[in-house]
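Bear in mind that the values here come from a model prediction, so they are computed numbers and not experimental data.
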2 protein chains.
Amino acid sequence: MAQSAVADDVFYALSNSTRRRVLEQLSTGPATVSELAAPFDMRLPSFVQHLSVLEQSRLVKSKKRGRVRTYELAPERFKVAENWLSERRREWEARLDRFDEYVKQLKEKESAS
Amino acid sequence: MAQSAVADDVFYALSNSTRRRVLEQLSTGPATVSELAAPFDMRLPSFVQHLSVLEQSRLVKSKKRGRVRTYELAPERFKVAENWLSERRREWEARLDRFDEYVKQLKEKESAS
DNA sequence: CCAATACTTAGGTCAAGGCCTAAGTAATTA
DNA sequence: TAATTACTTAGGCCTTGACCTAAGTATTGG
């Protein structure tokens with residue numbers, strides 16, 4: 001899968017507040033489907049779709065023991081989003097620094113005249 | 001607008017690779033609609049929809065002078081995504097630290113017995 | 001072993017997303 | 001002022017997304 005497709009999946013998974021709330025919950029530790037579903041006013045099959053989106057994006061992973069499926073965070077994939085964002089920030093800040101430098105030099109020339 | 005709806009918009013805007021490429025381009029400086037569209041094999045009206053998604057999310061802003069519309073990055077909104085992600089990281093790292101501490105104490109008790 | 005539990009599968013509705021063509025409008029340029 | 005440029009608007013097509021109900025399967029507790 002192309003790098004950008006991974007980012008598509010990750011950002012898409014993050015674009016829904018139900019899914020983000022699940023990730024918030026899982027940040028505090030593993031949980032079962034029922035536990036995760038409890039806070040939401042949504043039928044289980046609908047909710048489980050969200051879990052499957054999260055799992056496909058690999059932001060979480062799950063394991064089934066007996067009839068209980070337990071989810072946990074898979075922190076690695078978060079880096080895809082974090083890295084993309086910090087790369088953008090790096091880029092625009094570098095540009096703004098160059099602009100500041102440019103303005104500074106303009107001023108120096110001005111005061112020298 | 002609720003905080004989560006803002007995050008919905010931001011992450012949704014970021015979930016498409018065309019839109020991310022536009023943001024990458026804009027990280028290096030402002031650009032017009034035609035300049036931004038040039039690299040893409042897509043009809044202008046379709047492309048412009050992506051720009052409007054970006055603008056609605058407030059990740060970018062634009063201004064029209066004459067017949068030319070110029071876009072630029074609006075860095076502030078990126079923080080919504082950055083903050084959400086760093087908050088999750090903070091949370092799960094705190095948890096893993098607690099777990100390490102727990103394991104460490106287990107080992108101490110063990111060696112004391 | 002029977003019922004309850006914890007999901008899972010199948011399939012349906014409706015809105016939104018991403019692309020298109022065709023036809024505008026407004027600002028510039030020749 | 002006529003043509004070109006730089007978008008913009010309108011509307012259509014098809015797929016995907018987010019929800020639902022109904023019915024299934026596989027454990028497990030009584």
Mind listing the N/O atom pairs, protein and nucleotides 1-5 of chain D, below 3.5 Å?
unit_1, atom_1, unit_2, atom_2, d
D:dT5, O2, B:R67, NH1, 2.6

Query - Test item: A:R19 side-chain N/O and A:A13 main-chain N/O as donor-acceptor pair under 3.5 Å - result: yes

**Report entry** Of the listed nucleotides C:dT9, C:dC7, C:dA22, the one nearest the side chain of B:P45
**Finding:** C:dA22

Query - Those residues of residues 30-40 of chain A lying under 4.0 Å from DNA chain D by at least one heavy atom - result: none

Report summary line: Rounded to 10°, the angle between the first-five-pair and last-five-pair axes of the helix from C:dC1-D:dG30 to C:dA30-D:dT1 is 20°

Euclidean distance, atom [atom1] of residue [X] to atom [atom2] of [N] [Å, nearest integer]:
X	N	atom1	atom2	answer
B:K63	D:dA6	NZ	C1'	19 Å
A:L44	C:dT5	CG	C1'	12 Å
A:E55	C:dC7	CD	P	13 Å

If the condition is side-chain hydrogen bond (donor to acceptor under 3.5 Å, both in side chains), which residues does [X] pass it with, not counting sequence neighbours?
X	answer
A:R89	A:E93, B:E82
A:K79	A:E76
A:W92	none
A:E55	A:S62, A:Y71

Query raised in the report: Salt-bridged, A:E24 to A:R21, with N to O below 4.0 Å?
Result: no

Report task. Examine D:dT8: is either OP1 or OP2 under 4.0 Å from a nitrogen or oxygen in the side chain of B:K64? Give yes or no. Result -> yes

Query raised in the report: Can you find a side chain N or O atom of B:R69 that sits less than 4.0 Å from OP1 or OP2 on D:dT8?
Result: yes

Requested in this report: Please identify each residue that fulfils salt bridge (charged side-chain N to carboxylate O under 4.0 Å, His left out) with A:E87, with sequence neighbours left out.
Outcome: A:R90

**Report entry** Verdict with supporting geometry, A:L26 and A:L36, side chain to side chain contact (heavy atoms under 4.5 Å, CB included)
**Finding:** CA-CA 8 Å; A:L26 289 177; A:L36 290 169; 3.8 Å; yes

Report summary line: Across all chains, not counting sequence neighbours, the side chain to side chain contact (heavy atoms under 4.5 Å, CB included) partners of A:S17 are A:R20, B:S4, B:D8

Query raised in the report: Would a 4.5 Å heavy-atom cut-off, applied to side chains only, mark B:L14 and A:L85 as touching?
Result: yes

Query raised in the report: Does any pair with a residue in residues 28-61 of chain A pass ring-ring contact (aromatic ring centres under 6.0 Å, His included), and if so which ones, sequence neighbours excluded?
Result: A:F40-A:F47

Any protein N or O atoms within reach of nucleotides 15-19 of chain C? Criterion: under 3.5 Å, listing atom names and distances.
unit_1, atom_1, unit_2, atom_2, d
C:dG17, O3', B:Y12, OH, 2.8
C:dG18, OP2, B:Y12, OH, 2.7
C:dG18, OP2, B:R19, NH1, 3.2
C:dC19, OP2, B:H50, NE2, 2.3

Query raised in the report: What are the two closest non-hydrogen atoms of A:R95 and B:G29, and how far apart are they?
Result: NE-N, 3.2 Å

**Report entry** Hydrophobic cluster partners of A:V53 (side-chain heavy atoms under 4.5 Å)
**Finding:** A:Y12

